[in-house]
Amino acid sequence: MAEEFVKEITPRAEDYSQWYVDCVLKAELADYAPVRGCMVIRPYGFAVWEKIQAILDRRFKETGHENAYFPLFIPRGFLERESEHVEGFAPELAWVTRGGGEELAEPLAVRPTSETMICSMYAKWIHSYRDLPVLINQWCNVVRWEKATRPFLRTTEFLWQEGHTAHAREEEAREEALRMLEIYRDFLEEDLGIPVIAGEKTPSEKFAGAAHSYSVEALMGDGRALQAGTSHDLGQNFSRPFDISFLDRDGQLKHVWQSSWGVSTRLIGALIMVHGDDRGLVLPPRIAPVPAVLVPIAPERAREAVLGRARQLAAALEGVHLDDRDEYTPGWKYNDWEMRGVPLRIELGPRDLEQGKAVLVRRDTGEKVPVDQEALPRAMAQMSSAVQAGIKERARNFLQERTWPVDNLDQLRFRLEERRGMFIAGWCGDDACEAAVKEATGATARNIPFAPAARSAACVVCGKAAAHTVYYARAY
RNA sequence: CGGGUGGUAGCGCAGUUUGGUAGCGCACAGCGUUCGGGACGCUGGGGUCGCAGGUUCAAAUCCUGUCCACCCGACCA
């Protein structure tokens, strides 16, 4: 795929950010809205989100969760109850102060996340250990008044899911947080083909109000890290101020233990940056809204024969979109669908017709294979699996190639100046050393991996014995 | 939120220095020829020059303000 066919998209090497924006706009995933920092998710982009939703929603339900919906507006008082939470979110809240033409007695925040609203309801609903656990998920939009926005990666309003659970025991909440992180990890790797590093956030990077935060971190094509999903063990940090208590078996009144976890439309940004190439998107077959496109090559002499057979095939084959637009040439269509990341393409022309064949083409490698028309279902299934596995493998290799252990700050700095990527380093556990890395290199602690690829003996900053191994990276 | 760049037709741009009836390529529409990696010809439609003020006989062009986007930094899914 070295040749340059698409002129619509800026090559990655020339300007990675522009390439990303070109992909978003030209593939018609999203467009800028007339409101600062907001985007419109267009049908093709929303179809990707619906695929993501469908898979995750099923997995949430398989693990006992139910969907519900809570209000968009959050009374000011709610947010103020958990001091760390309000401090963390205060700078990015949008407030409603008027309604129905009158000043509101109490301003309402547009939810940046729903912990407080949901907790207020849990306090009403939970009375006994028999009411537990409560396992609820919500698909919704949230608003955070971000200073710098980019389509999908960081927008003022975005779509996500937020799971909120309440448990009788501390370990249960912790286990839940880890269980859901594992679902995210598996989903990212197997369905999106995005390898991630699962681990725990450092205290300074954890969610405002959490006892422990966990994350899955992915590496984008430009070597910058992206937090792809988070899961929090909230401890009793919310159940105490919101007084969510239950009478336990032993007759004692206790506060529940909670978790919350979420992924957002940011995942679409990750898909673009992990798999995309200079021709545009490369979508994993499992979430591609259009799994395959059939492009007929229909010169005048064979027009009806080709189109007729193309219609038959498209109708018989599952997930095949027939592009029989008369106004575009086959070459134009190839480029168009490649830009949109469609995993497989079937070309059908007069020559194929004579031989009872079709040409099957892979989006990720460009490989073209002539296939007997009768054998298409099997060949497509095979090639589809090959694409799914191929892009995952490629992404995994990229992550490995771009991960380096470092022993000291200078090494980290020099390496990072050369090339962006993930850096494995020791950490003594002191906030000051973590801050020093950021100060000196711009890289932040992504997480403390559950399964580090390498171990470090000494803190990368102070040289004292390392209590943890940390992944550092410049992040989105 | 700081520093930088930019906003002229759907997209990409020229025109702004030196004020004087808004242009090019692609896209779009009609007709014809075409179809194995972004086809071609002819004809045609489309712009209150981001927005609001100001200067001037006259503003895309000069002045002030403002909005938006992009890039680089500080904060976040």
Side-chain angles (χ1 to χ4, degrees), chain A residues 1 3-10 15-22 25-26 31-39 87-93 112-113 141-162 184 201 204-208 213 215-218 226-232 260-270 279 295-303 306-307 324-339 345-353 357-359 361 366 368 370 438-439 442 444 474-476:
Chain A
M1 300 293 265
E3 293 157 81
E4 181 65 37
F5 286 128
V6 176
K7 293 171 283 282
E8 307 280 331
I9 296 177
T10 306
D15 183 343
Y16 194 84
S17 299
Q18 190 57 49
W19 167 82
Y20 174 78
V21 171
D22 286 348
L25 298 179
K26 301 291 165 48
D31 199 357
Y32 291 104
V35 183
R36 195 205 74 99
C38 293
M39 65 173 176
E87 241 175 77
F89 280 106
E92 50 190 45
L93 291 176
T113 178
N141 58 340
V142 288
V143 165
R144 297 179 186 178
W145 217 261
E146 299 288 351
K147 290 161 185 169
T149 60
R150 312 187 65 185
F152 292 113
L153 297 177
R154 189 184 300 103
T155 48
T156 300
E157 179 188 8
F158 58 93
L159 304 184
W160 77 348
Q161 59 68 214
E162 46 179 330
Y184 290 154
K201 284 287 188 185
S204 75
E205 294 280 338
K206 76 176 171 59
F207 174 73
S213 282
S215 73
V216 281
E217 304 279 337
L226 182 79
Q227 178 174 304
T230 46
S231 181
H232 314 289
S260 70
W261 27 274
V263 297
S264 72
T265 37
R266 174 182 266 193
L267 288 176
I268 297 172
R279 294 185 187 183
V295 177
I297 297 126
E300 198 55 46
R301 61 193 156 83
R303 182 167 223 82
V306 170
L307 287 178
D324 59 358
R325 288 177 292 179
D326 195 42
E327 63 271 29
Y328 296 110
T329 60
W332 193 95
K333 292 176 185 175
Y334 298 166
N335 288 309
D336 193 45
W337 292 109
E338 280 172 4
M339 211 158 61
R345 177 172 79 236
I346 306 163
E347 304 175 2
L348 185 74
R351 290 207 298 272
D352 303 305
L353 223 53
K357 291 189 181 282
V359 177
V361 188
K368 297 190 178 191
K438 188 172 178 178
E439 173 68 26
T444 50
R474 289 255 181 93
Y476 273 101

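Residue numbers start from 1 in every chain, and the chains themselves are labelled A, B, ... in the order their sequence lines are given, proteins ahead of strands.
With a cut-off of 3.5 Å on both pairing distances, the Watson-Crick or G-U wobble partner of B:A29 is B:U43. With a cut-off of 3.5 Å on both Watson-Crick or G-U wobble distances, the partner of B:G2 is given as B:C72. When both distances must be under 3.5 Å, the Watson-Crick or G-U wobble mate of B:C35 does not exist. Base pairing of B:U55 is not made with any nucleotide, judged by Watson-Crick or G-U wobble geometry with both donor-acceptor distances under 3.5 Å. Remark: B:U18 base-pairs with no nucleotide in the shown strands. Criterion, Watson-Crick or G-U wobble with two distances under 3.5 Å.
For B:U21 and B:A58, the C1' atoms lie 11 Å apart once the distance is rounded to whole Å. Comparing the P positions of B:U43 and B:G6 gives an interatomic distance of 38 Å, to the nearest angstrom. Distance check on atom C1': B:G65 versus B:A74 gives 27 Å, rounded to whole Å. Spacing of C1' atoms, B:C70 relative to B:C62, comes out at 27 Å, to the nearest Å. Remark: the separation of the C1' atoms in B:G23 and B:U64 is 29 Å, to the nearest Å. B:A22 and B:A9: their C1' atoms are spaced 11 Å apart (whole Å). Separation of the P atoms belonging to B:A14 and B:A59 is 24 Å when rounded to the nearest angstrom. Look at the C1' atom in both B:U33 and B:A69: the space between them is 42 Å, to the nearest Å.
A:H232 and A:F207 have parallel rings, their planes meeting at less than 30° on a 0 to 90° scale where 60° marks the start of perpendicular.
Between A:Y328 and the phosphate of B:C28, there is a side-chain N or O to OP1/OP2 separation shorter than 4.0 Å. The phosphate of B:C70 has OP1 or OP2 within less than 4.0 Å of a side-chain N or O from A:Y32. Listed pair A:K438 / B:C75 meets the phosphate criterion, a side-chain N or O lying under 4.0 Å from OP1 or OP2. For the pair A:R150 and B:C71, the criterion of a side-chain N or O lying under 4.0 Å from OP1 or OP2 is met.
Between the CZ atom of A:R303 and the P atom of B:C35 there is a distance of 9 Å, rounded to whole Å. The separation between A:M39 atom CE and B:A69 atom C1' is 15 Å, rounded to whole Å. The separation between A:E300 atom CD and B:U33 atom P is 8 Å, rounded to whole Å. Note: CZ (A:R474) to C1' (B:C75) measures 16 Å, nearest angstrom. Rounded to whole Å, atom P of B:G36 lies 14 Å from atom CG of A:L307. At whole-Å resolution of the value, OH in A:Y476 and P in B:A74 are 15 Å apart. Rounded to an integer number of Å, the gap from A:E146 CD to B:C68 P is 15 Å.
Among the nucleotides B:G37, B:C35, B:C72, the one closest to the side chain of A:S17 is B:C72. For A:P299, counting side-chain heavy atoms from C-beta on, the closest listed nucleotide (B:G37, B:C35, B:G36) is B:C35. Of the candidate nucleotides B:C70, B:G37, B:C76, B:G37 has the atom nearest to the side chain of A:E338. Nearest to the side chain of A:E92, among B:C76, B:C1, B:G36, sits B:C76. Which of B:G73, B:G36, B:C70 sits closest to the side chain of A:A148 comes down to B:G73. Counting only heavy atoms from C-beta on, A:R36 has its side chain closest to B:C68 among B:C75, B:C68, B:C70. Here B:A74 is the nucleotide among B:G37, B:A74, B:C71 with the atom lying nearest to any side-chain atom of A:K147.
With A:E146 contributing its side chain and A:E92 its backbone, the two residues share no donor-acceptor pair below 3.5 Å. The main-chain N or O of A:K201 is never found under 3.5 Å from a side-chain atom of A:S215 such that the two would form a donor-acceptor pair.
As judged by a 4.0 angstrom heavy-atom cut-off over every strand, A:Y16 is placed among residues making no nucleic acid contact. Using a 4.0 Å heavy-atom cutoff across all strands shown, A:G262 reaches no nucleic acid atom at all. Among the protein residues, A:P350 comes within range of the nucleic acid bases, having at least one heavy atom under 4.0 Å from a base atom. In this structure, A:K26 reaches neither bases nor backbone, as no heavy-atom distance under 4.0 Å exists between it and the strands shown. Counting non-hydrogen atoms under 4.0 angstrom, A:T156 reaches nothing in the nucleic acid. Counting non-hydrogen atoms under 4.0 angstrom, A:Q227 reaches the backbone sugars and phosphates but no base. Residue contacts shown for A:R301 are absent, as no nucleic acid heavy atom lies under 4.0 Å away. A:V359 comes within 4.0 angstrom of a base, heavy atoms only. Here A:R351 lies in heavy-atom contact (under 4.0 Å) with a base. Across all strands shown, A:G37 has heavy atoms under 4.0 Å from sugar-phosphate atoms exclusively, and none from any base. Within the nucleic acid shown, A:D326 comes within 4.0 Å of at least one base atom, counting heavy atoms only.
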With side-chain contact (heavy atoms from CB on, under 4.5 Å) as the test, would you mind laying out the steps for A:K147 and A:R154 before giving the verdict? CA-CA 9 Å; A:K147 290 161 185 169; A:R154 189 184 300 103; over 6 Å; no
Verdict with reasoning, A:D336 to A:Y328, per side-chain contact (heavy atoms from CB on, under 4.5 Å): CA-CA 10 Å; A:D336 193 45; A:Y328 296 110; over 6 Å; no
Would you please test A:I9 and A:R279 for side-chain contact (heavy atoms from CB on, under 4.5 Å) and show each step? CA-CA 7 Å; A:I9 296 177; A:R279 294 185 187 183; over 6 Å; no
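Summarising the geometry of A:S264 relative to A:F158, their closest heavy-atom pair is CB-CD1, 3.7 Å, with the distance given to 0.1 Å.
Annotation: of the two residues near RNA chain B, A:T329 and A:F158, the 5′-most nearest-nucleotide partner is A:T329. RNA chain B is contacted by both A:Q18 and A:T230; A:Q18 maps to the nucleotide lying nearer its 5′ end (nearest heavy atom per residue).
A donor N or O paired with an acceptor N or O is not found under 3.5 Å between the base of B:G36 and the side-chain atoms of A:K333. For B:C76, the base has a donor-acceptor partner in the side chain of A:R154 [N/O atoms by modelled type, under 3.5 angstrom]. Interface remark: the A:R345 side chain does form a donor-acceptor pair with the B:G37 base, using a distance-only criterion of under 3.5 Å.
Shown here are the ring pair (Phe, Tyr, Trp, His ring centres under 6.0 Å) partners of A:Y20, two or more places apart in sequence or in another chain: there are none. Taking A:Y476 as the reference, nothing meets the ring pair (Phe, Tyr, Trp, His ring centres under 6.0 Å) condition, with sequence neighbours excluded.
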